[in-house]
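Only one structure is covered here, and it is reproduced in the block below.
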Protein chains: 2
Amino acid sequence: MGIAERKEREKERRRLDIINAAEEVFFSKGFENSTMDDVAEQAELSKGTLYLYFKSKDELFLEIIYRGNNILHNLFQKASEREGDGLCKVRAIGEAFVEFSIKYPNYYNAFLHNQTQEICLEKMGEAEEKIFSLKERNMQIFIDVIKGGIEDGSLEPELDPVKTALTLWAEATGVLLLAKLKGKLISKGFNISEEEFINHFFEFTWRALKA
Amino acid sequence: MGIAERKEREKERRRLDIINAAEEVFFSKGFENSTMDDVAEQAELSKGTLYLYFKSKDELFLEIIYRGNNILHNLFQKASEREGDGLCKVRAIGEAFVEFSIKYPNYYNAFLHNQTQEICLEKMGEAEEKIFSLKERNMQIFIDVIKGGIEDGSLEPELDPVKTALTLWAEATGVLLLAKLKGKLISKGFNISEEEFINHFFEFTWRALKA
DNA sequence: TTTAGAGATGACTGATAGTCAGTAAATGAA
DNA sequence: TTCATTTACTGACTATCAGTCATCTCTAAA
């Protein structure tokens, strides 16, 4: 049955084409300002067809958020394999986060949008599940690195690895959010560059982390 | 000219009535799920009238965000006047933030919504300016408390008060955001309560702040 | 060649933010 | 008191857009 397989491939191909078209449109006009007609035109398909492949505009955006989380996951993975003690690795993960925000600003915006959205365990769709499990894996990498750091003596032994990982994750999100959204205001009002601000966060955090 | 003054008062009164109606509706149905027709009905006015007093649905929401920021400002003010050294006062401000999130969950949601919204220095309306200046005043309280703590020797003297205030502000927003939005997930996935999580953030932060 | 069904279409529906021509009421000058 | 003017208000209307569905088209198996 070569035909069924070819059709399956074509369907998957079309799915990807639609996500690519959506990414193009959302990244250039912003999610809120983009219409499904824009996406349909970009994909050279009718609007109805989009809804054969995706339940809603939001679900389409979730696919893009998934891509972003995937990139971040790879960066985290690489950072956690960096040579050195636990403290070095935590720093590497922090730097990976910053690298992500600089190298992939569009994916990063999508990531933040999703990060600041309420989620319900009950009504999570397939797309949301995929993202959620990726985030869990990211958190696990982080927890393991912190555990390693406590064991090798580079991190304060009193710290609880899970709570500390969650706290650092939340803090980093908050700091990057402020840097991203209010960066210009900070520069203007307090005469501090985005970079200086992020560096201060790192230094401040090491004071608490170090053994 | 008593008439002009009376009319001025009536106009202000109507403005407040509309904001109150909007607050009622937005808090009970959520901002996104509320329509301007809902607000008009609650205010016992026609929709057109709402637009004589406010430019848009968003501007109406900004008024509610302003109220929230005002409450937070008062809590900060009170906390900064607490007896004790700088470290105590920083803790009091942190606790004020948590108190705000618990006592005024609706205002707090509105606050977070606004906090995670991009702002442009150029196209800030009057309502946004008002909120912005309130936030600046809050930040100033925070900076002064940290300065005091460095002077009285309760905080690490190497810290830069402005950068530290910004960092703590950003971190606290991130932590409360995660606690609020993903609280149930954290409890379920990692077996940590919202309260435990916030307490850990406090303890972790003191390690970096203390002299 | 016929036909079943998968895939694609785009006109349509419903919801809702925002507008505007028209109405009613209050004001003040004659 | 009368009437013109200003002010406040109204709600039907428009524009926009997510999402639907009756219909069409094309393919491949019989």
Side-chain angles (χ1 to χ4, degrees), chain A residues 1-26 28-65 113 117 123 125-128, chain B residues 1-26 28-64 113 117 123 125-127:
Chain A
M1 280 288 91
I3 287 169
E5 281 150 23
R6 194 203 74 219
K7 287 214 167 186
E8 199 51 48
R9 276 201 313 279
E10 280 174 355
K11 236 172 149 171
E12 187 51 31
R13 178 72 248 167
R14 180 131 295 180
R15 226 185 102 84
L16 285 176
D17 286 343
I18 293 172
I19 299 173
N20 289 335
E23 189 175 294
E24 185 89 8
V25 173
F26 293 167
S28 71
K29 304 179 68 171
F31 178 66
E32 306 288 352
N33 303 319
S34 304
T35 71
M36 287 301 265
D37 284 302
D38 292 335
V39 176
E41 196 185 334
Q42 176 72 31
E44 296 176 302
L45 288 167
S46 75
K47 185 158 62 152
T49 305
L50 303 186
Y51 285 93
L52 293 176
Y53 289 83
F54 300 94
K55 270 208 281 294
S56 66
K57 189 185 172 190
D58 282 310
E59 197 182 290
L60 207 36
F61 195 44
L62 283 175
E63 289 296 330
I64 288 152
I65 289 163
H113 184 276
Q117 211 69 26
K123 30 181 169 156
E126 210 184 312
E128 267 155 318
Chain B
M1 280 290 93
I3 287 170
E5 282 150 23
R6 193 203 74 220
K7 286 214 168 188
E8 199 53 48
R9 276 201 313 278
E10 280 174 355
K11 238 174 149 170
E12 188 51 32
R13 179 70 247 165
R14 181 129 294 182
R15 227 186 101 83
L16 285 176
D17 286 343
I18 293 171
I19 299 173
N20 288 336
E23 188 174 295
E24 184 90 9
V25 173
F26 293 167
S28 72
K29 303 180 70 172
F31 179 66
E32 307 287 352
N33 302 321
S34 303
T35 72
M36 287 301 265
D37 284 303
D38 291 335
V39 176
E41 196 185 334
Q42 177 71 30
E44 296 175 302
L45 288 167
S46 75
K47 185 156 64 150
T49 304
L50 304 186
Y51 285 93
L52 292 176
Y53 288 84
F54 301 93
K55 269 207 283 294
S56 64
K57 189 184 171 190
D58 282 311
E59 197 182 290
L60 207 37
F61 196 43
L62 282 175
E63 289 297 331
I64 287 153
H113 184 277
Q117 213 68 27
K123 31 180 169 156
E126 209 183 312

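Note that the structure is predicted; figures quoted are calculated from it, not measured. Protein chains get the first letters and strands the later ones, always in sequence-line order, with residue 1 at the start of each.
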Worksheet item: Under the side-chain contact (heavy atoms from CB on, under 4.5 Å) criterion, do A:Leu60 and A:Tyr53 qualify, and how do the steps go?
Response: CA-CA 9 Å; A:Leu60 207 36; A:Tyr53 289 83; over 6 Å; no
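- Taking atom CG of residue A:Asp17 and atom P of nucleotide C:dA8, one finds them 11 Å apart after rounding to whole Å.
- Applying the side-chain hydrogen bond (donor to acceptor under 3.5 Å, both in side chains) test to A:Thr49 and every residue at least two apart in sequence or in another chain returns A:Ser46.
- Atom-to-atom, CD of B:Glu32 to P of D:dA18 comes out at 14 Å; the value is rounded to the nearest Å.
- Along DNA chain D, the nucleotide nearest to B:Leu50 and the one nearest to A:Tyr51 differ in position, and the one closer to the 5' end is contacted by B:Leu50.
- The side chain of B:Leu52 has D:dC9 as its nearest neighbour among D:dA18, C:dA8, D:dC9.
- Put simply, CD on B:Glu10 is 9 Å from P on D:dC9, counting in whole angstrom units.
- With C:dT16, C:dG18, D:dG19 as the choices, the nucleotide that has an atom nearest any side-chain atom of B:Thr35 turns out to be C:dT16.
- Counting to the nearest Å, the P atom of D:dG11 and the CD atom of B:Glu44 are 13 Å from each other.
- Set against D:dC9, C:dA8, D:dG19, the side chain of B:Tyr53 has D:dC9 as its closest nucleotide.
- The base of D:dA8 is not paired with the side chain of B:Lys11 by any donor and acceptor separated by under 3.5 Å.
- Distance from the side chain of A:Met36 is smallest for D:dA18 among the nucleotides C:dT9, D:dA18, D:dC9.
- A close approach under 4.0 Å does occur between a side-chain nitrogen or oxygen of A:Arg14 and OP1 or OP2 of C:dA8.
- At the heavy-atom level, A:Phe54 lies nowhere under 4.0 Å from the strands shown.
- As rounded to whole Å, 16 Å separates atom C1' of D:dA8 from atom CD of B:Glu12.
- Closest to the side chain of A:Lys57, from the set D:dC9, D:dA18, C:dT9, is D:dA18.
- In this structure, the nucleotide among D:dG19, C:dA17, C:dT9 sitting nearest to the side chain of B:Lys47 is C:dA17.
- Ring planes of A:Phe31 and A:Phe61: parallel class, angle under 30° (limits at 30 and 60°).
- We find that CG of B:Asn33 is positioned 16 Å from C1' of C:dG14, with the value rounded to whole Å.
- One atom, CZ of A:Arg15, and another, C1' of C:dA8, lie 18 Å apart when rounded to the nearest Å.
- What separates CZ of A:Phe61 from C1' of D:dG19 is a distance of 19 Å, to the nearest Å.
- For B:Ser46, taking side-chain heavy atoms from C-beta onward, the closest of the listed nucleotides D:dA18, D:dT10, C:dA8 is D:dT10.
- You'll find the side chain of A:Lys11 stays beyond 4.5 Å of the side chain of A:Arg14, heavy atoms only.
- With contacts defined as side-chain heavy-atom distances shorter than 4.5 Å, the pair B:His113/B:Glu32 qualifies.
- Nearest-nucleotide positions on DNA chain D place B:Gly48 closer to the 5' end than the other of A:Asp37 and B:Gly48.
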